Amino acid sequence: MKNIFITTPIYYINDEPHIGSSYTTLNADVLSRYFRQKYGNDKTFFLTGTDEHGLKIKQSADEKNITPQELTDKVSSEFKSTWKKLNISNDYFIRTTDTNHKKIVSDLLNKIKENGFIYEDVYEGLYCVGCEKFLMEDDLVDGKCPLHPNKELTQYKEKNWFFKLSVFQKQLIEIIEKDEYKIYPVHKKNEVLSKLKKGLTDISISRNGLDWGIPVPWDNSQTIYVWVDALINYYSALKINKKEDFWPAFAHLVGKDILWFHGIIWPALLLAANLPHPKNLLCHGFFTINGQKMSKSLGNVIRPIELVERYGLDAARFLILSATQFGEDGDVSIEKFDVAFNAKLANGIGNLISRVARLSSNENFSFPILENNKKDEEFEKYLESFEIDKALLYMFEKFEKLNNILDTKKPWELIKNNNLQDSHKCLSELVYEIRNNIDYLYPFMPEFSEKVKEHFNKEKIEAITPLFPRIK
Ligand code: MSP
């Protein structure tokens with residue numbers, strides 16, 4: 001199997017992670033764990049990090065009366081610690097203020113210029129600092145950025161360096177239509193294609209007079225546009241780690257607000273530098289609260305650590321991962337998480353595991369360890385076609401069916417009636433199913449899966465304290 005490179009976006013450090021940003025990271029973690037389990041640890045490289053340059057960060061530091069470097073050091077370490085608390089298994093954490101990243105960005109830009117795709121011109125237009133993006137007339141809603149309705153747009157007119165994005169239109173349409181660069185789910189692919197077919201304009205890739213960024217290598221009066229600096233992280237991280245043989249990226253995971261940058265600008269920059277484009281782009285929707293995007297600027301965030309403290313680590317991972325269908329928006333609240341926790345974890349899989357363990361232990365039943373070579377192809381098919389949420393749901397339904405068998409066959413009544421043979425038979429069926437399937441939950445709920453696996457992989461199974469005690 002070829003090397004697999006999986007990435008999250010690199011996060012702006014004007015805020016700590018919330019469960020929206022955690023959703024991207026957790027999905028990338030699931031895929032990475034799955035592929036490591038399948039092909040071995042050294043075949044997958046999982047990257048995350050922080051996006052630390054640009055006006056947004058500069059303004060955020062100014063508001064706090066600290067330097068941008070102080071802000072980036074503080075918040076990037078908060079990101080690292082949150083990912084640790086969520087048991088994220090990234091192989092590297094990149095920061096765009098790293099010296100070696102800056103050098104690679106400069107080199108790549110020089111290359112694109114040498115190849116004839118960069119020129120100087122005047123840019124005039126509206127800029128949204130929240131998105132770090134120039135907006136066109138038809139991007140606006142009531143004259144404002146739809147994602148930052150409470151922020152004023154800035155009018156710019158300045159001399160900039162431009163990237164000839166427009167020349168890549170035909171080539172991009174071709175690679176996306178043919179799924180050579182596959183955008184998942186398909187409605188996101190269609191969205192990108194229909195915008196692409198309307199035509200592409202060249203984009204400004206530098207800023208004048210903004211010192212918090214990487215200088216344009218041939219023009220010290222300008223810094224590189226933060227999005228170009230940020231996108232190149234995927235490439236520089238591999239170079240820094242001497243993992244060039246993991247290129248091109250197997251899967252970039254992103255939210256829908258940054259689909260355009262990853263679907264269009266990123267592959268075009270790579271083509272302009274004679275580098276192979278990525279293979280897959282997985283685009284999810286937003287977590288909303290009462291219909292509004294969860295974000296710092298709207299002040300309506302739920303932090304992942306709140307969920308870890310309330311429900312436990314793997315329950316928090318499960319609740320975030322299953323809160324919405326991948327690619328669609330999903331409204332979340334603590335009340336909804338409580339209901340899902342009690343239904344799926346406390347009364348569902350948690351109850352199954354503790355009931356089977358208790359009954360087996362009470363009767364001192366034996367369950368010889370047998371080898372299992374059976375694979376669940378349906379589960380693998382879901383994950384490998386990036387239907388991450390469906391894979392999780394499918395596996396949970398499988399466990400739910402075991403709970404139903406327990407409720408229907410009632411081995412405790414068989415025991416009461418001294419029918420030990422049938423109660424052992426029923427519990428055997430459940431023990432073997434649990435043993436054979438628990439590994440599939442590892443990418444989603446690693447500690448839970450390993451704990452149950454260890455507990456059940458013994459001939460005599462002992463009682464176990466409830467893993468997901470009900471929330472009142
Ligand atoms: N810095 C850029 C990415 C550069 S990648 C080369 C950025 N950062 S971000 O911090 O604003 O967002 C990072 C990711 O978090 C994006 O995928 C974004 O869609 C996701 N989310 C931020 N808020 C979200 C929700 N409310 N819901 C789900 N995901 C959301 O963009």
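Worth knowing before you read on, the calculation uses all heavy atoms, side chains too, and leaves out hydrogens, waters and symmetry mates. Quantities reported herein were computed from a predicted structural model and do not represent experimental measurements.
For the residue pair Thr25/Tyr11, the side-chain donor-acceptor check at 3.5 Å is satisfied. With hydrogens and angles left out, the side-chain atoms of Thr67 and Gln69 include no donor and acceptor closer than 3.5 Å. Checked by atom type, the side-chain pair Asn160/Tyr225 shows no donor-acceptor distance below 3.5 Å. Using modelled atom types, one finds no donor on one side chain facing an acceptor on the other under 3.5 Å when comparing Trp83 with Asn90.
Using a 4.5 Å heavy-atom cutoff, the side chains of Leu253 and Thr8 are not in contact.
Residue Asp29 forms a salt bridge (Lys or Arg N to Asp or Glu O under 4.0 Å) with just one option from Arg36, Lys84, Arg317, and that option is Arg317. Results of the side-chain contact (heavy atoms from CB on, under 4.5 Å) test with Phe318 over Phe396, Phe341, Tyr311, Phe337 single out Phe396 as the only residue that passes.
Atom NZ of Lys239 has 12 or fewer neighbouring heavy atoms from other residues, nucleotides or ligands inside a 6.0 Å radius. The environment of Lys38 atom NZ is dense: over 12 non-hydrogen atoms of other residues, nucleotides or ligands sit within 6.0 angstrom.
Between Phe5 and His252, the ring planes are perpendicular. Angles over 60° get that label, and only those under 30° would be called parallel.
Note: Phe448 and Phe468 meet the aromatic proximity criterion, with ring centroids under 6.0 Å apart. Separation of the Phe134 and Tyr127 ring centroids falls under the 6.0 Å cut-off. Residues His277 and Phe168 place their aromatic rings such that the two centres sit no closer than 6.0 Å.
A salt bridge does not link Lys243 with Asp91: every distance from a Lys NZ or Arg NE/NH1/NH2 to an Asp or Glu carboxylate oxygen is 4.0 Å or more.
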Carefully, step by step, assess Ser60 and Asn14 under the rule side-chain hydrogen bond (donor to acceptor under 3.5 Å, both in side chains). CA-CA 6 Å; Ser60 204; Asn14 63 323; 5.1 Å; no

